[in-house]
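Just so it is clear, the structure is predicted and the values come from calculations on it, not from any experiment.
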Amino acid sequence: MSSESVASTTAPSAPPGAVGLFIAFAKMSLMGFGGVMVWARRAIVEQHRWLTAEEFNDTFALCHFLPGPNIVNLSVVFGARLGGLPGAIASFLGLLLPPVIIVTVLGVLYTQYGQFERLQHALTGVVAVTAGLFLGTVVKMMQPLWKQRSIVGFAFLGAVFVAVGIFRLPLPPVLLVAVPLSVAVTWLLRRRGA
Amino acid sequence: MSQDHDLLSLATTFLVLSLFAVGGALSALPEMHRIAVEAQHWMTNSEFADMVAIAQLSPGPNVLVVTLIGYHVAGVLGALVATLSMVGPSATLAFIVSRTIDRSSDAEWPRLLQNALVPVSIGLMAASAMILGLSPGQSWLAVVLMIAAAALSFSSKVNPMLLMLAGAVLGFAGLI
């Protein structure tokens with residue numbers, strides 16, 4: 001916590017080259033068991049001081065509302081900011097190349113040995129925990145909506161859950177209806193509140 | 001011939017999904033499941049759940065579950081095609097947007113869009129949790145484990161990796 005506030009007041013250090021970006025993102029990626037974003041913040045803001053905490057939050061906000069995996073977006077936006085197109089490509093490849101190789105090897109192993117009963121049981125245990133972790137994340141994310149007593153928010157949440165989770169409708173049409181509607185309602189509510 | 005066909009369906013599936021993955025990779029899991037298990041019959045329900053678990057266990061972004069799906073369908077080439085299709089379009093869009101609006105302006109629309117997307121992505125995450133929770137092979141002890149993991153991750157800062165390893169050990173010991 002304290003190191004973060006120190007980092008936000010000190011001047012940013014010299015921008016890294018393409019090789020530096022590749023290595024930095026490869027490191028974050030390989031440390032990122034169960035998610036890379038925490039490590040990305042630590043490396044970019046605290047360790048290398050390439051961005052202040054506020055700049056990181058701005059970049060993160062942009063990456064969060066763009067479609068696609070947030071951390072992949074972050075690698076591209078951050079890389080482009082520091083090193084143009086070569087920087088973006090270097091960060092993107094650093095983030096993805098090493099873990100893609102590892103995951104492919106795991107895929108080979110799973111195909112070979114996935115049917116062994118013990119391994120199957122172990123994976124069933126991991127699946128149960130993963131489902132629980134997702135559930136925990138959902139409850140955490142719901143808290144702000146709950147505090148705001150956002151009936152509209154819960155209505156959209158429930159409608160999307162039922163459409164995609166229960167009725168198993170394809171995602172694109174659901175989003176093409178839900179997102180514009182949610183934007184319109186959010187905008188109307190804000191105008192009335194202002 | 002059939003290999004080409006598989007690569008093509010992997011590419012089209014994930015090229016589209018890339019631009020519809022609002023709120024991150026985990027929000028796209030229900031659609032991946034719908035296509036891979038129900039529409040294309042690439043794999044069984046429990047194989048899908050296994051792949052999500054393996055992607056969570058391995059280092060790197062969680063989106064790499066698509067690498068496992070691609071490998072399962074069409075080998076190493078399939079893994080590459082699925083991965084690049086899933087991250088290519090959104091990464092290109094991110095590059096263009098970051099160059100266009102560059103610095104964060106005082107514009108109100110990014111915050112508006114973000115607020116509007118939050119409930120939608122929570123709904124999708126909830127669907128992901130349900131699909132995994134209902135995957136076959138789940139005994140009542142697995143349900144207890146799931147609820148315990150949810151409660152612990154919600155109420156404490158315990159490392160998720162430790163919980164997953166605990167799940168693996170309990171499963172390996174034949175308790176689940």
Side-chain angles (χ1 to χ4, degrees), chain A residues 29-30 32-36 58 65-73 76-77 80 88 92 99-100 102-104 106-107 110 118 121-142 153 156-157 160-161 164-165 168 171-172 175 178-179 182-183 186-187, chain B residues 18-22 24-25 30-31 34 49-50 53-54 56 58-61 63-64 67-68 71 79 83 87 90-91 94-95 98 104 112-117 119-120 122-123 125-130 132-133 137 142 145-146 149-150 153-154 160-161 163-164 167-168 170-172 174 176:
Chain A
S29 191
L30 291 176
F33 287 92
V36 181
D58 282 349
F65 83 76
L66 288 170
N70 299 328
I71 185 69
V72 180
N73 290 342
V76 171
V77 172
F92 174 85
V100 161
I102 293 173
V103 169
T104 306
L106 291 177
Y110 176 72
R118 285 278 163 156
H121 283 303
L123 278 175
T124 305
V126 181
V127 169
V129 170
T130 307
L133 292 174
F134 286 4
L135 203 60
T137 308
V138 168
V139 176
K140 254 185 227 171
M141 289 172 76
M142 273 185 189
F156 274 104
L157 192 165
V160 169
F161 173 76
V164 170
R168 308 311 324 267
L171 184 66
L175 287 185
V179 171
S182 181
V183 169
T186 310
W187 183 72
Chain B
S18 179
L19 294 174
F20 282 96
V22 299
E31 178 71 355
R34 190 188 68 79
D50 287 350
I54 294 169
Q56 291 284 318
S58 55
V63 68
L64 296 187
T67 312
L68 290 168
Y71 179 79
T83 310
V87 295
S90 53
F95 180 79
S98 75
S104 61
L112 181 78
L113 189 53
Q114 209 183 337
N115 286 346
L117 287 179
V120 174
I122 303 175
M125 281 283 300
S128 303
M130 185 190 70
L132 269 199
L145 184 62
M146 180 176 87
S153 75
F154 177 72
M161 201 62 202
L163 294 176
M164 283 192 277
L170 289 174
F172 190 81
I176 290 167

Can you check whether A:Val129 reaches B:Gln56 side chain to side chain, under 4.5 Å on heavy atoms?
no

Side-chain heavy atoms of B:Ser90 within contact of A:Leu66, under 4.5 Å
no

Non-hydrogen side-chain atoms of A:Tyr110 and B:Ile54 separated by less than 4.5 Å:
yes

Where does A:Leu135 contact chain B at under 4.5 Å (heavy atoms): side chain, backbone, both or neither?
both

Name the member of B:Ala79, B:Ala49, B:Gly171 that forms the most heavy-atom pairs with chain A at distances under 4.5 Å.
B:Gly171

Can you check whether B:Met164 reaches A:Leu133 side chain to side chain, under 4.5 Å on heavy atoms?
yes

Applying a strict 4.5 Å limit to non-hydrogen atoms, the region of B:Met125 in contact with chain A is both

Considering only heavy atoms and a distance below 4.5 Å, find which of B:Ala25, B:Gly174, B:Ser153 pairs most often with chain A.
B:Ser153

Can you say whether B:Ala126 sits under 4.5 Å from chain A via the side chain, the backbone, both, or neither, judging by heavy atoms?
both

Side-chain heavy-atom pair B:Pro59, A:Ile102 within 4.5 angstrom cut-off:
yes

Interface moiety of B:Val63 toward chain A, non-hydrogen atoms closer than 4.5 Å:
side chain

Which residue out of A:Val160, A:Val179, A:Val72 racks up the most heavy-atom pairs below 4.5 Å with chain B?
A:Val160

Honestly, the part of B:Ser128 sitting under 4.5 Å from a heavy atom of chain A is both

Contacting moiety of B:Phe95, where chain A heavy atoms sit under 4.5 Å
both

Per-residue contact mode, A:Ala88 against chain B (heavy atom under 4.5 angstrom)
side chain

Salt bridge (charged side-chain N to carboxylate O under 4.0 Å, His left out) filter on A:Arg118, not counting sequence neighbours, yields none

Using a 4.5 angstrom heavy-atom cutoff, name the option from A:Gly136, A:Gly165, A:Gly68 with the most pairs to chain B.
A:Gly68

Side chain, backbone, both or neither of B:Leu170 within contact of chain A (heavy atoms, under 4.5 Å)
neither

Greatest number of non-hydrogen atom pairs under 4.5 angstrom with chain B, of A:Thr137, A:Ile71, A:Val164, falls to A:Val164

Within the 4.5 Å heavy-atom criterion, are A:Pro69 and B:Val87 side-chain neighbours or not?
yes

Side chains of B:Met130 and B:Pro30, heavy atoms from C-beta outward: is any pair under 4.5 Å?
no

State the CG-CD1 distance between A:Leu157 and B:Ile122, to the nearest 0.5 angstrom.
5.0 Å

